[in-house]
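All remarks here apply to the structure that follows.
Residue numbers start from 1 in every chain, and the chains themselves are labelled A, B, ... in the order their sequence lines are given, proteins ahead of strands.
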2 protein chains.
Amino acid sequence: MTEMSTIRDVAKLAQVSVATVSRVLNGNGYVSHNTREKVAAAIKQLNYRPNDVARSLFKGRSKMIALFVPDIMNPFFPELARAVEDMTTQQGFTFVLCNTDDNLNKEMAYLEALKQKSVDGIIIVSSTMTAEYMENFDIPAVALDRIIHTNISSVTVNNREGAKEATQYLKDIGCRRIAHVSGPEHVSNARQRLKGYLDIAQKSEWFNYEYIEQGEYNFEGAKKATQILLTKHPEIDGLFVANDLMAVGAIKAAESLGLSVPDQLSIISFDGIKLGETTSPALTTMAQPIYQIGARAAEMLIKQVEQNEAQTLVEEFSVKLIERDSTRKKGENQ
Amino acid sequence: MTEMSTIRDVAKLAQVSVATVSRVLNGNGYVSHNTREKVAAAIKQLNYRPNDVARSLFKGRSKMIALFVPDIMNPFFPELARAVEDMTTQQGFTFVLCNTDDNLNKEMAYLEALKQKSVDGIIIVSSTMTAEYMENFDIPAVALDRIIHTNISSVTVNNREGAKEATQYLKDIGCRRIAHVSGPEHVSNARQRLKGYLDIAQKSEWFNYEYIEQGEYNFEGAKKATQILLTKHPEIDGLFVANDLMAVGAIKAAESLGLSVPDQLSIISFDGIKLGETTSPALTTMAQPIYQIGARAAEMLIKQVEQNEAQTLVEEFSVKLIERDSTRKKGENQ
DNA sequence: GCCGAATATGTAACGGGTTACACACGCAAG
DNA sequence: CTTGCGTGTGTAACCCGTTACATATTCGGC
């Protein structure tokens, strides 16, 4: 392996100054046609590639964008990550992935480390980060999936409205007692989904606060919560579960109690991850445009970084009902 | 937001030279106790953090490690990614994720880009990369899950042996005709799994090359392959599927043909991803220590990078049978 | 009391691009 | 013919740590 050549090597070979080479490289300033050719030839001959680190040092920007997610092993996040990676790479950025475990200390440590590396911006899915901390680091950021503060750009979905639709759907197919397995209280979208459930449920004469049981945003928590719910209240025949992963737990819970889904219990959830298509029964769910929101967040961030636009953008996408097999069909008798 | 302070600011405030500050920062060279305190105070007062880009420029290394995976949306990879991220972050590296789609051009483009950023090393899951190309880039690398070449360090599992065990297991529980839905031929571990199947199957009087059908490493391909297999050969009562994701497709295929799993058809697969626990029936599978191999690959790479060890290490982990509900229980009559 | 090693600190070059500024030439307008 | 702008190119400072090398002081050993 030969040593890496530098811009000075190119300059020497082409018999011009480094400034001229730099101009050719970046396509700015004046360079005569003839000189440009000479430089191009030298670059080719040496197989020269500019050193991005040197570039970053001068510019103070590194062409890197980071994504913070609680845990890439949660099946909601890979699609988001893929979207962000596609978009960032396409625009010439390098993609850094950080698993935060929803732990503020980890988030802060990542921010610190990334700032030292002159990272251009971050896309962050977080329930613990605050606007004050973010401001301290002064890195362009876009919140994704969960809102951090009104002064930080965000891309989310209409969680409350989607939850309303989900709950209403259960009513429409004939469910008489509809319960909710909610997500963790400290996560904004979980609160919104709970509100959406309440918007519909509270208007019903059968409503009872005991119909709400908190699971975490995971399989086990939801399974337990569902077991409690169904044991205490065998009259429940409809369940709105805060996300798909939890719904899988809910199905297992129903199974363990000998209840058949969807015959005795209809389950609808939220997110629309691939996993929901492969379970038995396949999940009826309010699907988010996961890839799109990830891609859009990346797009927003890149614009913010490149155009130095400071304005805060807030975008909300719509979720869409996907009817599969975890809910009774409308009109079927029970 | 105040301007970032530099080492020269610290030096001025502490009334010492930049060299001394650097020595304090890195804990090398001689610094008197008194001076060390003064510098520490100045650093604290200015909230100074060294600029990693400048450091990288001088050192020619960036404290970044990249992971190449075909597609993070394939549920096998998030756990691997998590393991690598945990290990790299713990050692002070920044983690870069690259989705290659098993496309050599993309891999080359990433290598090029990462080299320009002085990435310290890469961990690569690839079926298309070759040793020659890797050598051209001269970046320390560890192959993961799939072997690239004997002169590149690798961490894999004993695919062939595991496949043998899986096939033997189907025999042991009483399957009379065992077929294999194989992975793509260009992937080394898929070839190994096929060989393992053949090791057992070819010794059986019923063996027939038509009992092998190639699916891709995905849901749809496996579903189709299984449908073909079961339609042509209704006598099949055991299926070794090349991975868990494919097994989900195989179950769906069996379902679509009115076959009950495991009563009429036992299915065993490979990988041991979380998804396999949540499907109905839950998958019997040869589980890889996914997190461990990811973590080990990262560990090996970091050692290689930090100690500048050039030796090639080849490690193979063992897979472990996990009996769940997609296979008949031993001794049960059919 | 002298010498070499250990300790302590500073100066300046270096890593590899980028760009402000200076300079030179050609050509058109006045 | 001069002024002035557009074009073309080079020199050197700059981004910010790191470290080789030089210098100075202290201390133990003989």
Does [X] make a side-chain N or O approach to OP1 or OP2 of [N] shorter than 4.0 Å?
X     : N      : result
B:N26 : D:dT18 : yes
A:T20 : D:dG10 : yes
A:R55 : C:dT18 : yes
A:S56 : D:dC15 : no
A:T6  : C:dG16 : no
A:K59 : D:dC14 : no
A:Y30 : D:dG10 : no

Check every strand shown and say whether [X] touches a base, only sugar-phosphate, or nothing at a heavy-atom separation below 4.0 Å.
X     : value
B:V18 : base
A:V16 : sugar-phosphate
A:S22 : base
B:T35 : sugar-phosphate

Among the candidates D:dT19, C:dG16, C:dT18, find the nucleotide nearest to the side-chain atoms of A:N51.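 When the side chain of A:N51 is considered, C:dG16 is the closest of D:dT19, C:dG16, C:dT18.
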Nucleotide nearest B:S32 (side chain, heavy atoms from C-beta), chosen from D:dG10, C:dT9, D:dG17: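 From the listed options, C:dT9 comes nearest.
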